[in-house]
Amino acid sequence: MTAPRSAPLGYGDSVGPHPSPWEGEVPVLDLFLHDVGIGVFLVATVGALVAPETMTPLLPIAWPLSLALVGIDMLLLLVDLGDWTRFFHMFRVFKPGTPMSLGVWSLSGFLLALTGAATWGALSLVGFAPAAPGAPVLALAVVALVLAVPASIYKGAVFSITSQPGWRDARWTAGALSASSVLLGVAILGVQARFLDVPAAVLLWKVAPALLLLDAALFTAWRRGAEPAMRERLSPERRVAEGLFQWGVRGAALALLLLGRPTVTAVLTFSLLVSVPAYVARRTFLALPHLKRVARTRS
Amino acid sequence: MASSDRVRELEVAALPPAEGPERPDGLLAFLRQGLARGEAPEMRPAVGLFTDVSLCIGCKACEVACKEWNLLPSNPPEWRESYDNTGCLSATSWRHVKFVEDFGAPLPPRPVVPGMDLTALLAEPKAGQWHLMSDSCKHCVEAPCNLACPTGAMIHTEFSTVIVQPDVCTGCGSCTSACPFGVVAQSPHDGHAHKCVLCYDRLRDELEPACAKSCPTRSIRFGPVEELRTEARARVETLHARGYGKARLWGAEPSAAYSETHAFYLLLEEPELYGLPSRPVNPWIHLAGDYLRGAVGLLTAVVLLAVAMGRMAP
């Protein structure tokens with residue numbers, strides 16, 4: 001007698017793509033630092049253009065900080081390449097219809113313009129440049145601001161334009177990650193403003209609730225897209241725990257913003273309440289194609 | 001045909017090797033060569049493969065010929081159900097013969113009777129069936145791997161096949177992530193993407209790919225795509241007439257979500273049985289929408305930030 005078949009007949013279980021090579025902590029860190037770095041730049045620069053008197057004091061630190069974070073992201077991108085010595089081949093073609101190509105070009109241009117602005121910031125910190133940026137520096141910052149839009153969006157599209165389970169169905173990845181990066185920028189700059197003891201701390205505290213609500217809305221849309229793969233690949237316990245964590249922390253952050261004042265403890269707590277779930281959400285999302293399907297038992 | 005092919009192949013093999021490009025001298029020349037583009041070759045009629053699984057006997061000659069011709073290393077065998085020890089298409093296995101043993105419980109032992117009637121024996125109900133299939137790259141007309149490649153390493157050739165140019169591949173993994181069929185794979189040895197190139201070097205020498213050449217039953221057929229499609233449709237009709245009601249073509253026609261493929265299959269069962277999706281989706285159909293949603297998310301946040309700051313600033 002033949003033994004009863006243990007697996008479904010045929011190759012039904014292997015239908016689909018190879019798991020993406022973007023696996024482990026490096027791509028998660030890369031994605032997170034990219035979003036934080038661009039978020040810091042966007043909030044600082046838009047703030048300096050809209051409310052110059054309040055936000056300009058943050059620029060000498062914010063721009064170099066953004067450069068450092070995005071620079072580390074670029075280094076991680078290199079590390080994550082199969083053959084990093086060949087990175088320059090990315091500049092052979094410009095394919096705006098290919099998110100990776102759009103990203104490499106826009107991120108490189110963004111970094112170039114940001115380096116100019118950040119150089120002013122660093123010189124200003126040590127007293128070799130005026131406290132407020134001049135017109136040429138502001139022009140560079142505006143160029144960087146324009147390039148920051150594709151540089152911010154491309155990352156999410158890189159994931160959604162794949163055949164990977166979870167990634168391929170999450171249509172709001174780019175939207176949610178970009179909006180989240182602005183919230184992360186508000187949280188990080190809030191800490192900087194508090195420690196510098198400038199009025200920007202209060203302003204950032206006031207604008208944060210609106211961005212937190214937008215982040216929550218887009219996070220819901222993003223997660224809904226990935227939900228079928230999460231059901232398939234995460235245990236029910238883990239899904240519930242992650243859901244409770246994400247919503248609990250967002251609720252706590254909102255309560256803190258509405259009920260608290262921007263003290264040192266409050267801004268530090270708020271930045272943690274924003275950063276940690278942002279990192280965890282990215283980590284879970286990136287892991288989806290590499291997780292095995294959870295076995296289902298009939299009750 | 002076979003003998004003339006053989007002579008031609010030997011003639012080609014006897015030709016002196018073509019001169020390769022000059023080696024770059026110095027870093028600047030190396031970079032310049034990397035960024036330079038050659039002239040596009042003249043377009044040729046589209047060619048492809050028609051794999052008729054009803055004729056496959058699972059001999060793996062195609063796998064071996066592919067490895068031989070493309071100088072691919074052997075893999076440690078995987079112990080799986082049935083005779084499949086390749087497992088899946090990979091950077092070093094560009095052909096994969098799949099084995100499905102579709103048998104229920106074995107029939108009771110039959111006593112050997114002298115003078116057994118062969119016709120009666122063939123007419124008896126079968127205990128089951130082997131499903132065998134030789135899988136490879138589908139050479140999609142709108143190939144997600146090609147669309148995903150940021151360096152132009154993945155290209156459509158003059159024969160409308162899809163190949164990787166390993167010298168400009170950075171190993172970013174975009175193509176591996178994009179291919180819905182698990183064809184393109186990254187090599188752990190050099191970090192670059194690899195897959196079936198439909199023996200591009202042989203095509204340029206007007207030879208058929210090694211897999212089709214070695215197939216003893218002509219389960220894998222090579223030729224101009226249009227001719228292959230006509231042949232495939234006729235074969236489906238023949239099989240239907242013979243009682244194989246589930247016989248169907250996979251990849252020969254485009255669907256709303258996926259283009260036609262230049263390597264297509266005649267299947268006897270549901271595509272999933274052979275590890276192929278029934279309704280493949282090209283992720284690129286979502287690109288414009290995903291960019292738009294990204295822009296909506298970012299710009300809404302920035303506008304919200306600007307308006308709120310403008311109103312609340314002291």
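What you see is a predicted model; the values in this text were computed from it and never measured. These numbers come from the heavy atoms of this one structure, side chains and all, not from hydrogens, waters or symmetry mates. Note on naming: letters A, B, ... go to the chains in the order of the sequence lines (proteins, then strands), and numbering restarts at 1 for each one.
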Quiz item: Do L211(A) and L304(B) touch side chain to side chain, with heavy atoms closer than 4.5 Å?
Solution: yes
Exercise. Please flag which part of L287(B) lies under 4.5 Å from any non-hydrogen atom of chain A: side chain, backbone, both or neither.
Key: both
Quiz item: Taking atom types as modelled, is there a side-chain donor on S177(B) or S20(A) under 3.5 Å from an acceptor on the other?
Solution: yes
Quiz item: When rounded to the nearest 0.5 angstrom, what is the spacing between CG in L203(A) and CZ in R311(B)?
Solution: 13.5 Å
Practice problem: Side-chain contact test, heavy atoms from C-beta onward, threshold under 4.5 Å: evaluate it for C88(B) versus H18(A) and give yes or no. | Solution: yes
Self-check item: Heavy-atom pair of closest approach, residues G297(B) and A179(A)
Solution: O-CB, 3.8 Å
Self-check item: Region of V43(A) in contact with chain B, defined by heavy-atom distances below 4.5 Å
Solution: both
Self-check item: Contact leader toward chain A among L305(B), T176(B), V307(B), where contacts are heavy-atom pairs under 4.5 Å
Solution: L305(B)
Practice problem: Look up atom OG1 in T151(B) and atom CE in M90(A), then write down how far apart they are to the nearest 0.5 Å. | Solution: 7.0 Å
Exercise. Examine whether an atom of P150(A) lies under 4.5 Å from a heavy atom of chain B, and if so say whether it belongs to the side chain, the backbone or both; otherwise answer neither.
Key: neither
Quiz prompt | chain A contacts, top residue of C149(B), A185(B), S82(B), G152(B) (heavy-atom pairs, under 4.5 Å) | solution = C149(B)
Practice problem: Go through H131(B), E272(B), M133(B), M309(B) and name the one with the most non-hydrogen pairs under 4.5 angstrom from chain A. | Solution: M309(B)
Quiz item: Is there a side-chain contact between R92(A) and T170(B), using heavy atoms and a 4.5 Å cut-off?
Solution: no
Practice problem: Drop me the distance from M154(B)'s CE to T98(A)'s OG1, to the nearest 0.5 angstrom. | Solution: 11.5 Å
Self-check item: Proximal component of V149(A), with respect to chain B [non-hydrogen, under 4.5 Å]
Solution: both
Self-check item: Any side-chain heavy-atom pair of V46(A) and V302(B) under 4.5 Å
Solution: yes
Quiz item: When heavy-atom pairs shorter than 4.5 Å are enumerated against chain B, which of L177(A), T162(A), I161(A) gives the highest number?
Solution: I161(A)
Quiz item: Who among G47(A), G156(A), G97(A), S14(A) has the most heavy-atom pairs with chain B under 4.5 Å?
Solution: G97(A)
Quiz item: Which bit of P144(B) is near chain A, if near means a heavy-atom gap under 4.5 Å: side chain, backbone, both or neither?
Solution: neither
Quiz item: Which atoms of L102(A) come close to chain B, meaning under 4.5 Å heavy atom to heavy atom: side chain ones, backbone ones, both, or neither?
Solution: side chain
Self-check item: Between D135(B) and Y11(A), a side-chain donor and acceptor under 3.5 Å
Solution: no
Quiz item: Which of the residues D215(A), I153(A), T54(A) is involved in the greatest number of heavy-atom pairs with chain B at under 4.5 angstrom?
Solution: I153(A)
Practice problem: Please flag which part of L214(A) lies under 4.5 Å from any non-hydrogen atom of chain B: side chain, backbone, both or neither. | Solution: side chain
Practice problem: With a 4.5 Å cut-off on heavy-atom pairs, point out which of L273(B), I285(B), V281(B), L299(B) contacts chain A the most. | Solution: L273(B)
Self-check item: Matching residue for C172(B) among D80(A), L81(A), V104(A), L77(A) - test: side chain to side chain contact (heavy atoms under 4.5 Å, CB included)
Solution: L81(A)
Quiz item: When heavy-atom pairs shorter than 4.5 Å are enumerated against chain A, which of F181(B), F99(B), Y274(B), W284(B) gives the highest number?
Solution: W284(B)
Self-check item: For chain A, the option from A148(B), P271(B), P180(B), G171(B) that forms the most heavy-atom pairs under 4.5 Å
Solution: P180(B)
Quiz prompt | Side chain proximity check, S174(B) to W22(A), heavy atoms < 4.5 angstrom | solution = yes
Quiz item: Can you say whether K95(A) sits under 4.5 Å from chain B via the side chain, the backbone, both, or neither, judging by heavy atoms?
Solution: side chain
Quiz prompt | Among the listed options P99(A), S180(A), P199(A), the residue most often paired with chain B at heavy-atom distances under 4.5 Å | solution = P99(A)
Quiz item: Can S160(A) and D290(B) be counted as having a side-chain donor-acceptor contact under 3.5 angstrom?
Solution: yes
Exercise. Side-chain contact test, heavy atoms from C-beta onward, threshold under 4.5 Å: evaluate it for P17(A) versus C179(B) and give yes or no.
Key: no
Quiz item: Pick one: which of T300(B), L298(B), V296(B) meets side chain to side chain contact (heavy atoms under 4.5 Å, CB included) with S178(A)?
Solution: L298(B)
Quiz item: Would R86(A) and H192(B) count as having a side-chain donor-acceptor pair, cut-off 3.5 Å?
Solution: yes
Quiz item: For P165(A), is it the side chain, the backbone, both, or neither that has a heavy atom closer than 4.5 Å to a heavy atom of chain B?
Solution: neither
Quiz item: By a 4.5 Å heavy-atom criterion (distance strictly below it), what part of L204(A) contacts chain B: side chain, backbone, both, or neither?
Solution: side chain
Quiz item: Checking L276(B) against chain A: side chain, backbone, both or neither under 4.5 Å from a heavy atom?
Solution: backbone
Exercise. Heavy-atom distances under 4.5 Å only: say whether N282(B) touches chain A with side chain, backbone, both or neither.
Key: neither
